[in-house]
Amino acid sequence: MNLFLLFLKTLLLATIFTVSQSANCNNTDHLLISKAFTSVSNFNSSWFNCSHPPISEINLSSRNLSGTLSWKFLKNLTHIHTINLSNNSIKGYIPTWFWSIPGLIQVNLSKNKLGGTIGFESGSGLSSIQVLNLSFNRFTNLAHLSNFSNLSLLDISHNNLKVLPFGLDSLKKLQHLDLSSCNISGDSKPISNLTSLEYLDVSDNHMSGTFPNDFPSLSTINFLNISFNNFTGYFPYDKVQRFGNSSFINAGMLFKVSNFSSLNRTSHHTPNKSHINPHNTTHSNPKNPKSMKKNRKPSSRKRLILIMIISLASLLVLLAMVVSICCIFRKRKMAKRNKWAISKPVHQHQPFKIEKSGPFAFETESGSSWVVDVREPSSAAVVMFEKPLMSFTFKDLMAATSQFGKESLLAEGRCGPVYRAVLPGEIHVAVKVLENARGMSHDDAVCMFEDLSKLKHPNLLPISGYCIAGKEKLVLYEFMANGDLHRWLQELPTGKTDVEDWSTDTWEYPVDSSSPEKMEWRTRHNIAVGIARGLAYLHHAQSVPLVHGHLVSSNILLSDYLDPRIAGIGLSRDRVETQTTDSDVYSFGAVLIELLTGETGSEETVVKTRKLVREGRGVDALDSRLRLGDNSVSEMVECLRVGYLCTAETPGKRPTMQQVLGMLKDIHPITAELS
Ligand SMILES: *[C@@H]1O[C@H](CO)[C@@H](O)[C@H](O)[C@H]1NC(C)=O
Ligand SMILES: *[C@@H]1O[C@H](CO)[C@@H](O)[C@H](O)[C@H]1NC(C)=O
Ligand SMILES: *[C@@H]1O[C@H](CO)[C@@H](O)[C@H](O)[C@H]1NC(C)=O
Ligand SMILES: *[C@@H]1O[C@H](CO)[C@@H](O)[C@H](O)[C@H]1NC(C)=O
Ligand SMILES: *[C@@H]1O[C@H](CO)[C@@H](O)[C@H](O)[C@H]1NC(C)=O
Ligand SMILES: *[C@@H]1O[C@H](CO)[C@@H](O)[C@H](O)[C@H]1NC(C)=O
Ligand SMILES: *[C@@H]1O[C@H](CO)[C@@H](O)[C@H](O)[C@H]1NC(C)=O
Ligand SMILES: *[C@@H]1O[C@H](CO)[C@@H](O)[C@H](O)[C@H]1NC(C)=O
Ligand SMILES: *[C@@H]1O[C@H](CO)[C@@H](O)[C@H](O)[C@H]1NC(C)=O
Ligand SMILES: *[C@@H]1O[C@H](CO)[C@@H](O)[C@H](O)[C@H]1NC(C)=O
Ligand SMILES: *[C@@H]1O[C@H](CO)[C@@H](O)[C@H](O)[C@H]1NC(C)=O
Ligand SMILES: *[C@@H]1O[C@H](CO)[C@@H](O)[C@H](O)[C@H]1NC(C)=O
């Protein structure tokens, strides 16, 4: 009987085994992988061996993969430890939870087109990643690494970080760090905490700080490169010789010291001043003493005395010079220190205590600050319009923005700072602090937000929710990955060398991809039509025309597909009262001119462009980065004419937004339909 059962069991197991081995591959991991790579071209699921179910490694480097990954499917690969997708053309953003996938050890996403931020908020676990290579991508300045405590190798070189990643100083196990060519400015001090470092490359940035004080102990470092930066300090020849001269080229104002121990960090002006030379010079001994010796010939005592006096005087002068150089130097160092202290996010000095009751001060980068003065700031509710079941509080907003820290700051808007936040449930929002609305009563503010939430149009930036914490009114918007129009226009490539790269990536657009030069123009035309649509909706689709009052290119955000979304509606009520729909039309004209000329839509640009259009020389005003195709030039010039009409000096002569929309659509009907 027992034997029979055993036989049945074996039979059953055998059947299961053969089934799982059948050609029809449907094991969970395989399905997840296929789903994750659905939108990646050149991917072939047969690369993964179906008969080895738990997929522990994804090694697809240099496979010419392009497109975006559906990251969420990787989450359920329970055995994954290595992901290598280097040297492909994968783009998009990496969701924050990705970094905390349990068991992930090695990640190499270098040489792709990935952007956005790196890292995740504190409180959402730790990353188990030990080797992380994100070099040669497009990551930007919000890197947040404090939860990557297991990292031993980090390469984020060749990205556009602008500042040192936040939390870098807590990576105690880090042995290999490459931050080269990341456009980083600011003090290098946090690096000095990395006591396990053996390899350090910070070359080709704009970093300041003192060398070697703001670095970890040089004795344990095997590779060092600080070239092309703005450091100050000393170049302890005996200690750094082994790194090679190329590691210090254009590193800043470094003074060469022949013997480091003779010149210690606290008392640099007393000993052996003569050994200090700007690093630039290759000789480490000054010439003056030698030349003095030459002049000293055995002659009359008078002459000797005279020479002695002269040399004494010159020595004094030399001494004074050295001392003053040292003074200047120290001052600079102090200034640097202070700068660091100020620009550091508030919570790094004093850990923010959430239990404490107000007032709470938040400082923004530009020095403006805002204060929440409430008893229980953490419990102030966040009202979400689309997701009424989600319950967030001000405390969640603080956690998601690192206590409204510098690293989450997206922009200093006209009405107040704007922060980026990822709320629980991966709700990605921009949080705007309405500094102008402090005087508004709670009920008025609720009314305003409720009214705004009712404005729904594809070309208006939807408000996702709001939070009223004491006097502070915070408004939440959907996060727009492509940023605002002003920035987008300014960040367009200037030289021709980059154009190819950009046209295949950022301007991915469902029209005529065979001719990128035309696509550029269509993209801009599509943006113009979209803005006109949104504004026409405000002016003409309401019971009472709604005036925007502050339409500028930085208030127009771009969706993933570069569709424009107008922001900042109804937030400047005081202004709006003095403004009319005609002034909105003027502002639209200025934005249109900016779109076509590539120059900021200031009054000056408007006047200049109007003059050119009047003289029939509109072509000369066009943005030189717009490649001129056959039809496109006349279309662009016609578009400029619309801008001309909109910016008419007499408000009554300006067309309505409905008319403007009609004119723009006529200029290029195909794009208008597609959008
Ligand atoms: C997997 O495929 C086999 C046949 O090849 C089928 O019997 C089984 O139901 C499939 N399982 C799932 C989960 O789809
Ligand atoms: C995937 O690879 C297999 C084997 O290498 C090949 O037979 C198949 O045609 C490939 N599929 C695609 C879509 O390229
Ligand atoms: C998958 O693994 C099995 C067993 O190890 C092996 O026989 C087969 O050749 C592998 N298939 C591929 C495509 O690598
Ligand atoms: C990963 O793939 C590349 C080529 O695609 C190969 O050269 C390399 O050896 C692979 N690495 C591992 C660990 O399998
Ligand atoms: C990167 O991939 C391309 C093909 O997509 C290949 O020609 C090149 O050799 C690869 N580079 C490296 C360093 O593997
Ligand atoms: C890479 O893939 C693209 C299509 O996605 C193709 O046009 C191109 O020729 C491929 N390049 C290589 C080196 O295989
Ligand atoms: C991952 O697994 C969880 C439960 O284990 C499930 O709820 C979720 O839907 C899965 N996600 C995907 C993308 O398959
Ligand atoms: C990823 O692949 C590249 C190229 O094959 C290789 O040089 C690198 O070591 C791999 N990295 C990891 C973490 O496997
Ligand atoms: C970095 O070092 C400084 C001084 O050595 C110390 O005060 C600070 O706590 C350290 N930071 C971390 C995150 O360990
Ligand atoms: C280097 O620092 C000095 C001040 O210490 C500053 O004037 C200069 O502009 C900086 N240079 C660069 C390239 O950042
Ligand atoms: C540094 O200077 C202090 C006092 O100026 C002295 O006590 C100390 O020995 C010096 N250290 C070295 C390494 O010369
Ligand atoms: C170093 O300084 C000398 C003058 O003392 C100057 O001629 C030379 O060009 C400088 N070299 C560099 C690399 O700046």
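Only a predicted model underlies this, so the values are computations on that prediction, with no experimental measurement involved. Atoms within each ligand, like the ligands themselves, are counted from 1 in listed order. The first residue of the sequence shown is numbered 1, and numbering continues consecutively from there.
- Phe48 and Phe37 have their aromatic ring centers separated by at least 6.0 angstrom.
- Under the 4.0 angstrom criterion for non-hydrogen atoms, Asn108 is in contact with ligand 8.
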What does the N/O contact table under 3.5 Å look like for ligand 6?
residue: ligand 6; atom: 2 (O); partner: Asn42; partner atom: ND2; Å: 2.9
residue: ligand 6; atom: 2 (O); partner: Asn64; partner atom: ND2; Å: 2.4
residue: ligand 6; atom: 5 (O); partner: Asn42; partner atom: ND2; Å: 3.3
residue: ligand 6; atom: 11 (N); partner: Asn64; partner atom: ND2; Å: 2.7
residue: ligand 6; atom: 14 (O); partner: Asn64; partner atom: ND2; Å: 3.1

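- Between the side chains of Asn526 and Asp563, at least one donor N or O lies within less than 3.5 Å of an accepting N or O.
- For ligand 8, one of its N or O atoms has an N or O atom of Asn84 under 3.5 Å away.
- A donor-acceptor contact closer than 3.5 angstrom links the side chains of Ser41 and Ser66.
- Between the OG atom in Ser135 and the CG atom in Asn137 there is a gap of 7.0 Å [rounded to 0.5 Å].
- Leu558 and Leu485 get closest at one heavy-atom pair: CD1-CA, 4.2 Å.
- Relative ring orientation between Phe404 and Tyr419 is described as perpendicular, the plane-to-plane angle rising above 60° on a 0-90° scale split at 30° and 60°.
- On a distance-only criterion, Asn59 and ligand 8 share no N/O pair closer than 3.5 Å.
- Across every non-hydrogen atom of Ile191 and Met207, the tightest pair is CD1-CE, 3.8 Å.
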